[in-house]
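Down below is the structure, laid out as structure tokens.
Scope of the values below: all heavy atoms of this structure, side chains included, with no hydrogens, waters or symmetry mates. From a predicted model like this one, the values you see are computed outputs, not experimental measurements.
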Amino acid sequence: MKILRITFVVIALLILNSCARVVVPKGGEKDVAPPKLSKSLPPMNATNFKGKEIRIDFNEYITLEGALEKLIVSPPLKNKPEISSKLRSLYIKGLDSLRENTTYIFDFADAIRDFNEGNPISNFVFSFSTGEEIDTLTYYGKVFNAYTLEKEKNKYVALYSSKDKQVQTSQVPNYITRSDSLGRFFFHNIKSGEYSLITYEDNNNNLIYDLPTEGVGFANQTIVAKEKGDSLFKGDTLYFTSAKDSVMKLLEAKFISKNEIYLSFSLPISDSLQIIFLKPQIDNFLIQRNLTDTSSQINIYIANKEQLDSVNLEIKDKNFEEKQELVYSQKKKTTEEKKNFAFTLPNTTLPYYDSLRIEMPFPIEKNNLPLKAKIIFKEDSINIDFYESKENIKELVCGYDFLENTEYTLIIDSNSVQNLRGEANDSLSVSFTTDKKEDYSQFIVHIKNEELVENQIIYSLFDEKNKQVATFISSWQDSILTFNHLKEGKYKLRAIIDENKNGKWDGNNFVLHKQAEKILFFPKSIDIRKSWILEEEW
């Protein structure tokens with residue numbers, strides 16, 4: 001009997017222990033599904049809507065992310081509606097400026113998300129009509145950058161029933177949407193008819209392309225929207241170009257050293273540029289210009305022996321005038337002023353076909369040139385001359401015909417030249433080696449594309465880091481391109497169809513309805529191997 005009681009107690013304890021054990025429930029798959037519309041008041045695509053408020057219910061709790069910024073109402077409303085959410089419902093209030101007999105489209109982009117995981121509803125659109133009928137056509141396309149050919153996101157895309165440019169730059173469009181992260185745009189519930197299609201930036205948030213600082217793109221032809229099949233039809237690919245600055249601005253002004261000043265402008269400077277030192281008054285200085293398509297930079301080299309701590313400048317150019325006070329600031333203590341300067345060799349390995357270049361901290365007196373030097377290789381010693389570089393006034397160039405795969409020693413005696421501050425050079429003795437022909441390859445392209453043969457083309461070759469390694473302008477009769485001295489690696493070839501033959505790429509001109517000059521990229525990857533000749537057809 002006692003044994004039975006003990007057995008009963010043990011079994012009971014085991015049962016209780018098993019019941020009390022906490023088991024962690026196994027988790028299910030992560031929720032990646034976005035919310036789904038379950039019902040709405042009024043219903044989706046309702047007609048004869050006369051209310052001032054809309055309620056949209058979803059199958060799960062929702063949250064809004066940037067709804068006021070992302071929401072686009074088409075056609076645009078006079079007053080912005082109020083947008084809010086609570087639990088599973090989205091509310092649109094303040095609809096007091098709806099027009100009669102009009103189909104309205106509320107495009108939320110990806111602003112509506114589920115509450116727990118944040119899964120967005122992509123391109124969620126709600127539509128209704130204030131009249132007897134609702135428009136049903138859907139039109140879509142893409143926006144690309146006209147220069148890079150990359151997808152353009154968050155650009156406004158508009159449909160205007162008017163072809164008048166004044167209307168398109170002063171009134172809100174009939175329909176408006178925005179391109180998504182893939183450059184795609186969608187117009188839902190649009191009416192049959194003919195439209196002008198444009199894409200643009202909206203820097204002043206008025207939904208209109210009306211500022212010279214706003215980029216633009218447009219379709220060449222009128223868009224014809226009409227009922228057919230499932231009412232879904234593909235549109236154009238729009239090519240967007242950024243706006244160019246029309247007003248000269250000084251972007252940056254600073255000391256590089258106590259005798260060198262750097263200025264950067266928003267537009268290329270003209271030949272009439274004037275730099276006037278007001279305090280202290282300085283007349284002996286040089287200006288080096290570095291011009292690009294979108295900006296202009298200059299370096300000012302002050303030839304005074306004394307070093308400057310501050311200057312007052314007056315800068316003048318066409319339609320531009322500005323005064324600047326610059327103060328030299330450096331945390332480290334200034335070292336004792338040197339009486340000599342040193343030449344430096346930028347690279348110890350020289351391409352066998354290239355010129356030899358040496359650099360210096362300050363421009364030299366031109367009447368000191370040519371700089372006499374010598375090179376030693378094997379057992380020979382040869383006298384060479386250095387001249388001023390056309391690209392950089394702080395650089396000297398020697399165009400000697402070097403042998404490949406050879407070690408040289410460059411020797412420059414001290415006091416060979418003086419710079420503009422009266423400092424003489426230190427002696428230099430440095431070794432460098434030329435590389436071999438077999439380190440390089442050649443790329444030959446046979447042009448078969450009619451567009452490229454029949455027009456003036458600006459060809460540019462880029463390496464893997466998107467650095468331009470070669471560029472030239474080809475006339476219409478050129479059918480073979482040859483690129484020499486290419487290092488092993490991957491490249492891409494670009495062609496700009498230079499319609500106006502001005503030697504540069506021109507973007508969109510909305511006023512003249514002139515499309516950006518077309519850009520083509522060679523359709524295949526250009527894989528250059530060492531010591532190789534690659535031939536391709538385009």
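- Annotation for D380: atom CG counts as buried by contact number, over 12 foreign heavy atoms lying within 6.0 Å.
- Here the side chains of I275 and I315 are in contact, with some heavy-atom distance below 4.5 Å.
- Of the N and O atoms on the side chains of S161 and N174, at least one donor lies less than 3.5 Å from an acceptor on the other residue.
- For CD of E391, the number of neighbouring non-hydrogen atoms (other residues, nucleotides, ligands) closer than 6.0 Å is greater than 12.
- For the pair T471/L461, no side-chain contact is recorded, criterion being any heavy-atom separation below 4.5 Å from C-beta on.
- Rounding to the nearest 0.5 angstrom, the gap separating the OH atom in Y262 from the CD atom in Q288 is 12.0 Å.
- To the nearest 0.5 angstrom, N154 atom CG is 9.0 Å from K70 atom NZ.
- The two atoms that bring D498 and G503 nearest to each other are OD2-N, 2.8 Å, heavy atoms only.
- Separation of the F522 and Y459 ring centroids does not fall under the 6.0 Å cut-off.
- Partners of S181 by side-chain contact (heavy atoms from CB on, under 4.5 Å), not counting sequence neighbours: none found.
- Looking at every heavy atom in both residues, V172 comes nearest to P76 through CB-CG, 4.0 Å.
- The aromatic rings of Y175 and Y195 sit perpendicular to each other, their planes meeting at more than 60°, with 30° as the lower class boundary.
- Ion pairing between K530 and E438 fails under the 4.0 Å rule for side-chain N and carboxylate O.
- Checked for salt-bridge contact, K394 and E260 meet the test: a charged N lies under 4.0 Å from a carboxylate O.
- Taking the centre of each ring, Y209 and F510 come in below the 6.0 Å mark.
- Within a 6.0 Å radius of CG in D401, other residues, nucleotides and ligands contribute 12 heavy atoms or fewer.
- Separating the CD1 atom in I480 from the OG atom in S474 is a distance of 11.0 Å, to the nearest 0.5 Å.
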>> Quick one, E252 with K254, criterion salt bridge (Lys or Arg N to Asp or Glu O under 4.0 Å). Give me CA distance, side-chain angles, the key distance, then yes/no.
In response: CA-CA 7 Å; E252 188 175 9; K254 64 181 181 180; 3.4 Å; yes
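- A salt bridge links E395 with R357; the closest basic N to acidic carboxylate O contact falls under 4.0 Å.
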>> With side-chain contact (heavy atoms from CB on, under 4.5 Å) as the criterion, how do L420 and E365 come out once you've worked through the C-alpha distance, each side chain's angles and the decisive distance to 0.1 Å?
In response: CA-CA 6 Å; L420 292 175; E365 292 278 5; 3.5 Å; yes
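- For K249, the NZ atom sits in a packed shell: over 12 heavy atoms of surrounding residues, nucleotides or ligands are nearer than 6.0 Å.
- With rounding to the nearest 0.5 angstrom, the CG atom of L345 is 6.0 Å from the CG atom of L356.
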>> The test is side-chain contact (heavy atoms from CB on, under 4.5 Å); show your working for N425 and I412 and say whether it passes.
In response: CA-CA 9 Å; N425 69 287; I412 301 175; 3.8 Å; yes
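- Side-chain contact between I457 and I473 is absent, with no heavy atoms from C-beta onward closer than 4.5 Å.
- Within 6.0 Å of atom CD in Q166, 12 or fewer heavy atoms from other residues, nucleotides or ligands are found, so the atom counts as exposed in its surroundings.
- For F285 and Y301, the distance between ring centers is not under 6.0 angstrom.
- In this structure, the ring of F402 has its center no less than 6.0 angstrom from the ring center of Y352.
- Here the CD atom belonging to Q456 is positioned 7.0 Å from the CD1 atom belonging to I458, to the nearest 0.5 angstrom.
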>> Please determine whether side-chain contact (heavy atoms from CB on, under 4.5 Å) holds for the pair I528 and F483, giving the CA-CA distance in whole Å, both sets of side-chain angles, and the decisive distance to 0.1 Å.
In response: CA-CA 11 Å; I528 299 297; F483 297 94; over 6 Å; no
>> Run K514 and N508 through side-chain contact (heavy atoms from CB on, under 4.5 Å) and show every step you take.
In response: CA-CA 6 Å; K514 179 73 173 173; N508 293 315; over 6 Å; no
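- Salt bridge annotation for K316-E314: present, with a cationic side-chain nitrogen under 4.0 angstrom from a carboxylate oxygen.
- Under a 4.0 Å N-O distance rule, the pair D180/K153 does not qualify as a salt bridge.
- Both cation-pi conditions hold for K487 and Y440: the charged atom is under 6.0 angstrom from the six-membered ring centre and inside a 45 degree cone around its axis.
- Between F386 and F343, the distance separating the two ring centers is not shorter than 6.0 angstrom.
- Among all heavy-atom pairs drawn from L250 and E322, the shortest one is CD2-OE2, 3.6 Å.
- When every heavy atom of I198 is checked against every heavy atom of F218, the shortest pair comes out as CG2-CB, 3.8 Å.
- To the nearest 0.5 Å, atom CG of residue N220 and atom OH of residue Y239 are 11.5 Å apart.
- The minimum heavy-atom distance between R494 and Y147, with the atom names listed, is NH1-OH, 3.2 Å.
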